[in-house]
Amino acid sequence: MNTERLKEVLAQARHETGKVIIGQHDVIEKALIAIFTGGHALIEGVPGVAKTLLVRTLAYVLGADFARIQFTPDLMPADITGTNVFNLQRNEFSLIKGPVFTSFLLADEINRAPAKTQSALLQAMQERLVSIDRHTYALPANFTVFATQNPIESEGTYPLPEAQRDRFLFKITMSYPSRDDEYQLAQRVLGPNSPEVTLAAGAARPVVDAATLTALRATLQGMAVREELVAYAVDLVRTTRAHEAVLVGAGPRATLALLLAGRALAALSGRDFVTPDDLRSLARPVLEHRLVLRPEFELEGLDAAGAVAQILERVAVPR
């Protein structure tokens, strides 16, 4: 399967998802990049900006199974992974699989559950495996986690540990729609073509099945990246560790994420090659959630996005 087919499917998936999700073009692109690179995405946005609908639509368009977990303080790890239940009729234990056994998993408000429950996803996100009672089970090849957070509400929440944040390829910020997009949404909701009805009615069509999605993801691995761009990605990530405002910089996984995402963005743009602009445009979503700033700089008003912008200015762009 060649890269032309990959570019065609990416374009089709973006178009079909756009039939349901109004506006949010950048968000759709980043979600597709996360899926096709085999990564996971942390989606941050206020309630009502269609975070759940976005993931449901992507699952439908890409022929993937979908499951949703509402994270709450009383959620237990077994509620995510599943558990063995004794079957009296057969006199043996049977595995009752949890919602993690799916292709696209929406972890809704992931920071509302304590670290013990959040950690149930660590092995699944890194290895696509789940261990239950000393037995290990494989997850689907296209397993992808989309975790949501509400950026304006901190009461009763538990910040994600650094090890878990590092497992997310991207932090995707979903902001309010533009006035024109919000007007279009209002008109559609008042009529027969609301986004939910559009999805349920099949107006958006699937473009691939699960097996084809797996094969296309493998195709992306064949896209070459110039050596100077690899060095540029390494320098960007290493500079986060030397920045005076950063207490904990990004690790090597961020370098890999930046390069993998760059290849997917190039394919999404209809190209067979990665450019410095691809890496620069992806630096913020790749690095922002991985940085821990020094408190004195945060008090002065600097945030992670600002630190990434400064780092981009300091590292020379290859020609």
Could you pull out the closest heavy-atom pair between [X] and [Y], with the gap in Å?
| X | Y | value |
| --- | --- | --- |
| Ala124 | Val130 | CB-CG2, 4.3 Å |
| Thr83 | Ile132 | CA-CG2, 4.3 Å |
| Leu302 | Ala245 | CD2-CB, 3.4 Å |
| Val237 | Gly251 | CG1-O, 3.6 Å |

Within 6.0 Å of CZ in Arg238, more than 12 heavy atoms from elsewhere
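Not more than 12 within 6.0 Å, no.
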
Glu92, CD: over 12 other non-hydrogen atoms inside 6.0 angstrom:
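Check passes, neighbour count above 12.
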
Tell me if a side-chain donor or acceptor on [X] pairs with a main-chain N or O of [Y] at a distance below 3.5 Å.
| X | Y | answer |
| --- | --- | --- |
| Lys30 | Phe170 | no |
| Glu288 | Lys171 | no |
| Gln24 | Leu54 | no |
| Asp278 | Thr275 | yes |
| Asp79 | Met76 | yes |
| Ser103 | Phe143 | no |
| Arg290 | Phe168 | yes |
| Arg263 | Val225 | no |
| Ser178 | Asp181 | yes |
| Gln118 | Ala113 | yes |

Between the side chains of [X] and [Y], does any donor sit under 3.5 Å from an acceptor?
| X | Y | answer |
| --- | --- | --- |
| Thr173 | Arg284 | no |
| Tyr183 | Gln187 | yes |
| Thr214 | Asn142 | yes |
| Thr72 | Asp74 | yes |

[X] side, atom [atom1]; [Y] side, atom [atom2] - distance, nearest 0.5 Å:
| X | Y | atom1 | atom2 | answer |
| --- | --- | --- | --- | --- |
| Glu44 | Met174 | CD | CE | 12.0 Å |
| Leu42 | Asn111 | CG | CG | 8.5 Å |
| Ile22 | Leu185 | CD1 | CG | 4.5 Å |
| Glu29 | His25 | CD | NE2 | 9.5 Å |
| Leu220 | Leu260 | CG | CG | 7.5 Å |
| Leu6 | Leu10 | CG | CG | 4.5 Å |

Close side-chain approach of [X] to [Y], heavy-atom, < 4.5 Å:
| X | Y | answer |
| --- | --- | --- |
| Val246 | Phe297 | no |
| Thr157 | Phe71 | no |
| Ile21 | Val27 | no |
| Ile172 | Pro285 | no |

Assess whether a salt bridge exists between [X] and [Y], defined as any Lys/Arg side-chain N lying under 4.0 Å from an Asp/Glu carboxylate O.
| X | Y | value |
| --- | --- | --- |
| Lys19 | Glu16 | yes |
| Lys7 | Asp272 | yes |
| Glu162 | Arg253 | no |

Criterion salt bridge (Lys or Arg N to Asp or Glu O under 4.0 Å) on Glu244 and Arg314, from CA distance to verdict
CA-CA 12 Å; Glu244 64 277 4; Arg314 296 181 184 185; 2.8 Å; yes

Step-by-step side chain to side chain contact (heavy atoms under 4.5 Å, CB included) determination, Leu169 to His40:
CA-CA 5 Å; Leu169 180 88; His40 309 283; 5.8 Å; no

Leu62/Val207 under side chain to side chain contact (heavy atoms under 4.5 Å, CB included): CA gap, chis, key distance, verdict
CA-CA 6 Å; Leu62 296 173; Val207 297; 4.1 Å; yes

Decide yes or no on side chain to side chain contact (heavy atoms under 4.5 Å, CB included) for Val20 and Tyr60, but give the supporting numbers first.
CA-CA 11 Å; Val20 179; Tyr60 176 77; over 6 Å; no

Should Leu258 and Leu229 be regarded as members of a common hydrophobic cluster, given that ILVMFWY residues are connected when their side-chain heavy atoms come within less than 4.5 Å of each other, either directly or indirectly?
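Same cluster.
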
Applying side chain to side chain contact (heavy atoms under 4.5 Å, CB included), run through Gln123 and Thr81 and close with a yes or a no.
CA-CA 11 Å; Gln123 182 187 22; Thr81 60; over 6 Å; no

Decide yes or no on salt bridge (Lys or Arg N to Asp or Glu O under 4.0 Å) for Glu182 and Arg179, but give the supporting numbers first.
CA-CA 5 Å; Glu182 194 164 353; Arg179 186 188 183 281; over 6 Å; no

